[in-house]
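Working notes, structure below.
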Protein chains: 2
Amino acid sequence: MTLTTAEENYLKAIYHLSNGGTKSVSTNDVAAEIKTKAASVSDMLRKLGDKEVIEYRKYYGVNITEEGKKRALQTIRKHRLWEVFLVEKLQFAWDEVHEVAEELEHIQSPLLIQRLDSYLNFPKFDPHGDPIPDEYGDVRARPRLALNEMDIDQSGQIVAVKDSSAAFLKYLDKVGAYIGARIKVLDKVEFDGSMEILVDQKKTLFMSKDVAANILAIQS
Amino acid sequence: MTLTTAEENYLKAIYHLSNGGTKSVSTNDVAAEIKTKAASVSDMLRKLGDKEVIEYRKYYGVNITEEGKKRALQTIRKHRLWEVFLVEKLQFAWDEVHEVAEELEHIQSPLLIQRLDSYLNFPKFDPHGDPIPDEYGDVRARPRLALNEMDIDQSGQIVAVKDSSAAFLKYLDKVGAYIGARIKVLDKVEFDGSMEILVDQKKTLFMSKDVAANILAIQS
DNA sequence: TCTTATTTTTAGGTAAGACTAAAATGCTAA
DNA sequence: TTAGCATTTTAGTCTTACCTAAAAATAAGA
Ligand SMILES: [Mn+2]
Ligand SMILES: [Mn+2]
Ligand SMILES: [Mn+2]
Ligand SMILES: [Mn+2]
């Protein structure tokens with residue numbers, strides 16, 4: 001059964017909000033994510049329930065089904081592959097790709113995605129460090145932790161961002177934080193959770209807890 | 001003013017049917033081209049008329065306006081650039097690109113198209129030999145004539161196909177006709193208009209008048 | 001427990017884009 | 001000039017995806 005563009009967007013939102021299908025999601029949460037009204041979401045949930053990509057119990061939120069997870073991951077795969085294409089081949093900045101990928105992800109052509117994947121050399125991560133599911137929907141997730149959860153003197157490497165908004169990414173560009181950067185926690189202020197980070201063994205960066213919470217790293 | 005995907009498709013159809021805006025187009029012609037019913041076309045013509053991309057006089061068909069021509073050419077530009085991308089970069093065959101380009105042409109992002117154009121090295125023609133309008137909608141058209149209009153002993157080069165259907169393109173692949181091939185008319189049968197063509201000074205090709213009429217060449 | 005507050009659903013509407021059937025218009029040939 | 005045919009438009013429906021307002025269900029606090 002095929003999903004419309006709107007249905008794909010809803011399903012993807014539910015997948016993300018449910019943390020990859022590990023918890024149920026409320027109507028209002030979906031409404032906020034999709035930027036639509038709760039009444040519209042109720043409508044759509046009934047339809048997605050009929051198509052059996054979610055399990056819908058009125059008034060109790062939704063859970064994504066195995067089939068739904070598979071579908072959502074297909075869309076996410078396409079989204080992320082297109083993001084890689086835009087950055088690697090068309091010189092888009094990492095803060096410019098999201099809206100365009102949001103449209104491109106709905107193009108229907110298995111051959112296109114297969115060829116794109118191969119053309120990009122089977123990338124494993126998108127420009128924001130998020131893993132790209134394979135064609136069966138399998139994701140090889142790395143253990144990642146937010147910078148604000150690291151302790152003083154710990155070292156690691158930035159591998160992803162939690163917030164992909166243009167505003168946040170532009171800020172990271174400005175201060176010189178990027179995916180792949182080697183980091184070390186120099187200081188952590190008890191009072192407000194702000195941090196001092198050494199980047200690439202040369203540059204010192206001060207950041208609020210809010211910023212730190214949106215940068216993901218692996219420890220080393 | 002922005003056009004919907006459906007409106008872009010209609011406008012493009014009208015542009016093509018009107019021979020680039022040189023003649024008016026009937027409701028039924030549009031219906032046949034879009035594969036929809038005349039009643040649906042009437043509806044849409046009213047809408048396109050309101051948006052002033054066509055001039056619509058009930059019962060007398062439509063003429064595309066200057067603004068409409070510009071919009072249609074933007075869509076055609078995007079369609080053909082994507083076709084080049086699919087063939088040159090993703091190894092699609094020339095008979096596999098049309099449907100996908102029909103979707104890709106509606107992605108809204110001027111930056112995307114500008115970058116794609118540059119990435120493809122500013123191609124002037126698509127995989128079927130059709131010219132790619134520049135960003136202002138200017139097309140540098142080559143004088144082309146159908147093979148069936150050439151006389152015995154005339155030489156030339158295949159530059160485009162009139163019919164881009166998969167069936168026709170696959171047939172050309174099979175018999176070894178391709179864009180860029182050097183040709184010479186060896187014989188032309190009075191009775192049915194079928195022709196004998198020498199390709200690349202070595203291969204002889206027999207083709208019906210129907211086939212010949214769908215291959216475009218420049219004389220030399 | 002009972003009464004509010006919050007969340008969610010339902011009811012009813014709109015707009016786009018398709019359809020069928022019926023009516024209107026234009027064209028052609030007698 | 002007009003009857004009949006072909007073309008086109010209108011009228012009335014349908015589906016998808018959104019909306020607002022009102023009703024219903026659930027959750028929370030006294
Ligand atoms: Mn999307
Ligand atoms: Mn991303
Ligand atoms: Mn199209
Ligand atoms: Mn083409």
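Every chain is numbered from 1, with letters handed out A, B, ... down the list of sequences.
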Show each protein N/O and nucleotides 2-4 of chain C N/O combination with a separation under 3.5 Å, one pair to a line.
none

Between the protein and nucleotides 14-16 of chain D, which nitrogen or oxygen pairs are less than 3.5 angstrom apart?
none

Can you tabulate the close N/O pairs, meaning under 3.5 Å, that link protein atoms to atoms of nucleotides 21-27 of chain C?
from, atom 1, to, atom 2, distance (Å)
C/dG26, OP1, B/Tyr60, OH, 3.4

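Neither side chain, B/Asn28 nor B/Ser26, offers a donor N or O lying under 3.5 Å from an acceptor on the other. Side-chain atoms of A/Ser208 and A/Asp210 form no donor-acceptor pair, as typed in the model, at a separation below 3.5 Å.
Considering all non-hydrogen atoms of both residues, A/Leu205 and A/Ala177 come closest at CD2-CB, 4.4 Å. Heavy atoms only, all atoms of each residue included: A/Ala217 and A/Leu147 are closest at CB-CD1, 3.8 Å.
Pairs engaging residues 63-73 of chain A under the salt bridge (Lys or Arg N to Asp or Glu O under 4.0 Å) rule: A/Glu66-A/Lys69, A/Glu67-A/Lys70, A/Glu67-A/Arg71 [sequence neighbours left out]. Legend: salt bridge (Lys or Arg N to Asp or Glu O under 4.0 Å) pairs involving residues 19-29 of chain A, not counting sequence neighbours: none detected. Annotation: ring pair (Phe, Tyr, Trp, His ring centres under 6.0 Å) contacts involving residues 94-140 of chain B, sequence neighbours excluded, comprise B/His79-B/His98.
The nearest whole Å value for the distance from the CZ atom in A/Arg46 to the P atom in C/dT8 is 17 Å. Residue B/Leu48 contributes atom CG, which lies 9 Å from atom P of C/dG17 at whole-angstrom precision. Straight-line distance from the CD atom of B/Glu8 to the C1' atom of C/dA16: 15 Å, rounded to whole Å. D/dA17 atom C1' lies 14 Å from atom NE2 of A/His106, rounded to whole Å. As a whole-Å value, the separation of A/Leu45 CG from D/dC18 P is 12 Å. The distance between atom OH of B/Tyr56 and atom C1' of D/dT8, rounded to the nearest whole Å, is 7 Å. One interatomic measurement links the two molecules: CG of B/Leu3 to P of C/dA15, which rounds to 19 Å at whole-angstrom precision. C/dA18 atom C1' lies 12 Å from atom CD1 of B/Ile34, rounded to whole Å.
Between A/Asn28 and C/dT8, a side-chain N or O to OP1/OP2 separation shorter than 4.0 Å is present. The phosphate of C/dA18 has neither OP1 nor OP2 within less than 4.0 Å of any side-chain N or O from B/Ser40. For C/dT20, one of the phosphate oxygens OP1 or OP2 lies less than 4.0 angstrom from a side-chain nitrogen or oxygen of B/Lys37.
Note on B/Thr36: only backbone sugar-phosphate atoms sit closer than 4.0 angstrom, heavy atoms only; bases stay farther off.
Under the side chain to side chain contact (heavy atoms under 4.5 Å, CB included) criterion, A/Ala160 pairs with A/Arg144, A/Leu216, sequence neighbours left out. By the salt bridge (Lys or Arg N to Asp or Glu O under 4.0 Å) test, B/Glu105 is found to be paired with B/Lys12, residues two or more places apart in sequence or in another chain being considered. Here A/Glu96 pairs with nothing under the salt bridge (Lys or Arg N to Asp or Glu O under 4.0 Å) rule; sequence neighbours left out. For the ring-ring contact (aromatic ring centres under 6.0 Å, His included) test, residues two or more places apart in sequence or in another chain that qualify with A/Phe85 are A/Trp82, B/Phe85. Residues satisfying the side chain to side chain contact (heavy atoms under 4.5 Å, CB included) test with A/Arg46, not counting sequence neighbours, are A/Asp43, A/Asp50, A/Tyr56.
The stretch residues 9-26 of chain B comes close to DNA chain C through B/Tyr10, each having a heavy atom under 4.0 Å from the strand.
Contact of the A/Arg77 side chain with the A/Asp117 side chain is registered, since non-hydrogen atoms from C-beta on lie closer than 4.5 Å.
Screening B/Ile76, B/Asp138, B/Asp126, B/Val139 against B/Pro131 for a side chain to side chain contact (heavy atoms under 4.5 Å, CB included) leaves a single residue, B/Val139.
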